[in-house]
2 protein chains.
Amino acid sequence: MKQPPVPVKPWPESDPAVDALVTEVIGRVADKWTMLVLEVLADHSELRFTQISRLVPDVSQKMLTQTLRQMERDGLVVRTVFPVVPPRVEYRLTDLGLSLGAAFCGVWRWAEENLRRIEAARAEFDARQKR
Amino acid sequence: MKQPPVPVKPWPESDPAVDALVTEVIGRVADKWTMLVLEVLADHSELRFTQISRLVPDVSQKMLTQTLRQMERDGLVVRTVFPVVPPRVEYRLTDLGLSLGAAFCGVWRWAEENLRRIEAARAEFDARQKR
DNA sequence: CAGCATCCCTTTTGATACTG
DNA sequence: CAGTATCAAAAGGGATGCTG
């Protein structure tokens, strides 16, 4: 049984150049803060800076700024500055960002569904290490 | 239009304790090397240490070891040591790991499909920064 | 409010050498 | 082969002060 029952990768990508690019993109997008920011923006449609910082636990303003800039650069997010005082800046997902959110949907569901299994696996692993 | 056309998060999780755990799990799993190792293991069913290091570009042996240990601890991977010399160690996904691979499938497809869009967005962003 | 800049410390990562 | 150990470099992250 060489092949898993469900194909986990849609098509076996063989072009090394494309593969390298995909790897690079995955490396960028598969980031803790990126995913968490993506999640809250996917849920709320548009948010201000401080709202995001409240919704994403433990993110520093430095990392949040950095993450949002990166996402903006990658075309995942649009940043709208309202010329008012005090300043008002809103973030919302682009279509591209929305599609990434949809792609990550399965991962969030997986995480929720398998919390217990993971905790159990860790406990067992740690117990085995002690012996 | 508050809600995006496609629900990106399956159900609006409100329990703060569960949410924190999900966040923690996402933070662990949404890791560059974890995703890349997951991908090659999903493709090959079982692999030896050096095979993985060849298939995952630019991973150091230290990071690979660390990632594999983490994945083993989380119950995503089984590590089989054959008591021969030279040593032979094989890695394969568990059912849990396989299900995570299936969940990530959409992300890989997304990355492949949107390479160009991301590159274009970056180019445009960088050009705008210069002005 | 939404940041950028700076300083400073901690964590992560990478390169190298060594071992059962 | 499949690691572990070690050290140096880089990235991450907090705190504070300052702007438009």
Side-chain angles (χ1 to χ4, degrees), chain A residues 20 23-24 26-38 40-41 44 46-74 76-93 125 128-129, chain B residues 20 23-24 26-37 40-41 44 46-74 76-93 125-126 128-131:
Chain A
T23 295
E24 196 263 350
I26 294 281
R28 250 174 219 277
V29 151
D31 168 70
K32 180 184 175 180
W33 299 127
T34 300
M35 281 199 62
L36 295 175
V37 169
L38 185 70
V40 301
L41 280 176
H44 293 83
E46 84 265 336
L47 286 173
R48 300 179 61 176
F49 187 87
T50 33
Q51 290 180 308
I52 302 177
S53 70
R54 269 194 295 270
L55 288 169
V56 177
D58 298 329
V59 68
S60 66
Q61 104 287 31
K62 184 183 180 177
M63 279 300 98
L64 184 54
T65 300
Q66 215 171 95
T67 302
L68 286 169
R69 284 291 172 288
Q70 181 82 63
M71 291 175 79
E72 190 192 356
R73 179 169 182 262
D74 288 346
L76 302 177
V77 148
V78 279
R79 176 173 174 269
T80 311
V81 183
F82 296 85
V84 296
V85 45
R88 175 186 186 86
V89 179
E90 280 187 359
Y91 294 90
R92 71 163 58 222
L93 294 182
F125 182 89
R128 201 177 308 167
Q129 292 312 87
Chain B
T23 295
E24 195 263 350
I26 293 283
R28 249 171 221 277
V29 150
D31 169 71
K32 181 185 175 181
W33 300 128
T34 301
M35 280 198 61
L36 295 175
V37 168
V40 300
L41 280 177
H44 293 83
E46 84 265 336
L47 286 173
R48 301 179 59 175
F49 186 88
T50 33
Q51 290 180 307
I52 301 177
S53 69
R54 268 193 297 269
L55 289 168
V56 177
D58 297 330
V59 68
S60 66
Q61 98 288 35
K62 181 182 180 176
M63 279 300 96
L64 184 54
T65 300
Q66 214 170 97
T67 301
L68 286 169
R69 284 289 176 288
Q70 181 82 65
M71 292 175 77
E72 190 192 356
R73 179 169 183 261
D74 288 347
L76 303 176
V77 148
V78 278
R79 176 173 173 269
T80 311
V81 183
F82 297 84
V84 295
V85 46
R88 177 188 186 86
V89 179
E90 281 187 358
Y91 293 90
R92 71 163 60 222
L93 293 182
F125 182 89
D126 293 347
R128 201 177 306 167
Q129 293 312 87
K130 285 205 170 175
R131 288 190 278 122

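Chain A is the first sequence line, chain B the second, and so forth, proteins listed ahead of strands; every chain is numbered from 1.
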(message) Angle between the two end axes of the helix from C:dC1-D:dG20 to C:dG20-D:dC1, five base pairs per end, rounded to 10 degrees?
(response) 50°

(request) Check the distance between D:dC1's P and B:Arg54's CZ and give it to me in whole angstrom. (result) 8 Å

(request) Apply side chain to side chain contact (heavy atoms under 4.5 Å, CB included) to B:Leu55 and list each qualifying residue two or more places apart in sequence or on a separate chain. (result) B:Val40, B:His44, B:Leu47

(message) With a 4.0 Å cutoff (strictly under), does any side-chain N or O of B:Trp33 reach OP1 or OP2 of C:dT12?
(response) no

(request) Return the value, rounded to whole Å, for the distance between atom CD of B:Gln70 and atom P of C:dT13. (result) 11 Å

(request) Evaluate the side-chain proximity of B:Leu36 to B:Val59: yes if any heavy-atom separation is below 4.5 Å, no if none is. (result) no

For residues 79-90 of chain B, run the donor-acceptor check on the side chains, cut-off 3.5 Å, and write out each pair with its distance to 0.1 Å, sequence neighbours left out.
residue, atom, partner, partner atom, Å
B:Arg79, NE, B:Tyr91, OH, 3.3
B:Arg88, NE, B:Glu90, OE2, 3.4
B:Arg88, NH2, B:Glu90, OE2, 3.0

(message) Can you tell me how far apart CG (A:Leu41) and CZ (A:Arg92) are? Round to the nearest 0.5 Å.
(response) 10.0 Å

(message) Distance check needed: C:dG3 C1' versus A:Leu64 CG, whole Å only.
(response) 11 Å

(message) If you define the side chain from C-beta out and look only at heavy atoms, does anything of A:Ile52 sit under 4.5 Å from A:Leu68?
(response) yes

(message) List the residues meeting side chain to side chain contact (heavy atoms under 4.5 Å, CB included) with B:Thr34, not counting sequence neighbours, and say none if there are none.
(response) B:Asp31, B:Thr67, B:Met71

(request) Scan residues 54-71 of chain A for pairs that pass salt bridge (charged side-chain N to carboxylate O under 4.0 Å, His left out), counting only residues two or more places apart or in two chains. (result) none

(request) Could you state the atom-to-atom distance from CG of A:Leu68 to P of C:dA2 in whole Å? (result) 11 Å

(request) Could you pull out all residues at least two apart from A:Gln70 that satisfy side chain to side chain donor-acceptor pair (under 3.5 Å)? (result) A:Arg28

(request) Using only side-chain N and O atoms of B:Tyr91, determine if any of them is under 4.0 Å from OP1 or OP2 of D:dG3. (result) yes

(message) Expressed as a whole number of angstroms, how long is the span from B:Leu47:CG to D:dG3:C1'?
(response) 17 Å

Contact list (N/O, under 3.5 angstrom) for nucleotides 4-8 of chain C vs protein:
residue, atom, partner, partner atom, Å
C:dC4, OP1, A:Arg69, NH2, 2.9

(message) For a side chain to side chain contact (heavy atoms under 4.5 Å, CB included) check, start with the C-alpha distance between B:Phe49 and B:Thr65, then their side-chain angles and the critical distance, and finish with the verdict.
(response) CA-CA 8 Å; B:Phe49 186 88; B:Thr65 300; 3.6 Å; yes

(request) Please examine the side chains of B:Leu64 and B:Val56, heavy atoms only from C-beta on, and report whether any two atoms are closer than 4.5 Å. (result) no

(request) Strictly below 4.0 Å, heavy-atom distances to any atom of DNA chain C: list the hits from residues 80-90 of chain A, or just say none. (result) A:Pro86, A:Pro87, A:Val89

(message) What is the distance, to the nearest angstrom, from the CE atom on A:Met63 to the C1' atom on D:dG13?
(response) 6 Å

(request) For B:Glu72 and D:dA2, give me the distance from atom CD to atom C1', rounded to whole Å. (result) 14 Å

(request) Kindly say if A:Ser60 contacts the phosphate of D:dG12, meaning a side-chain N or O under 4.0 Å from OP1 or OP2. (result) no

(message) Applying salt bridge (charged side-chain N to carboxylate O under 4.0 Å, His left out), can you list everything that pairs with B:Arg48, at least two apart in sequence or on another chain?
(response) none

(request) Take the protein atom CZ of B:Arg48 and the nucleotide atom C1' of D:dA2, then report the distance between them rounded to whole Å. (result) 9 Å

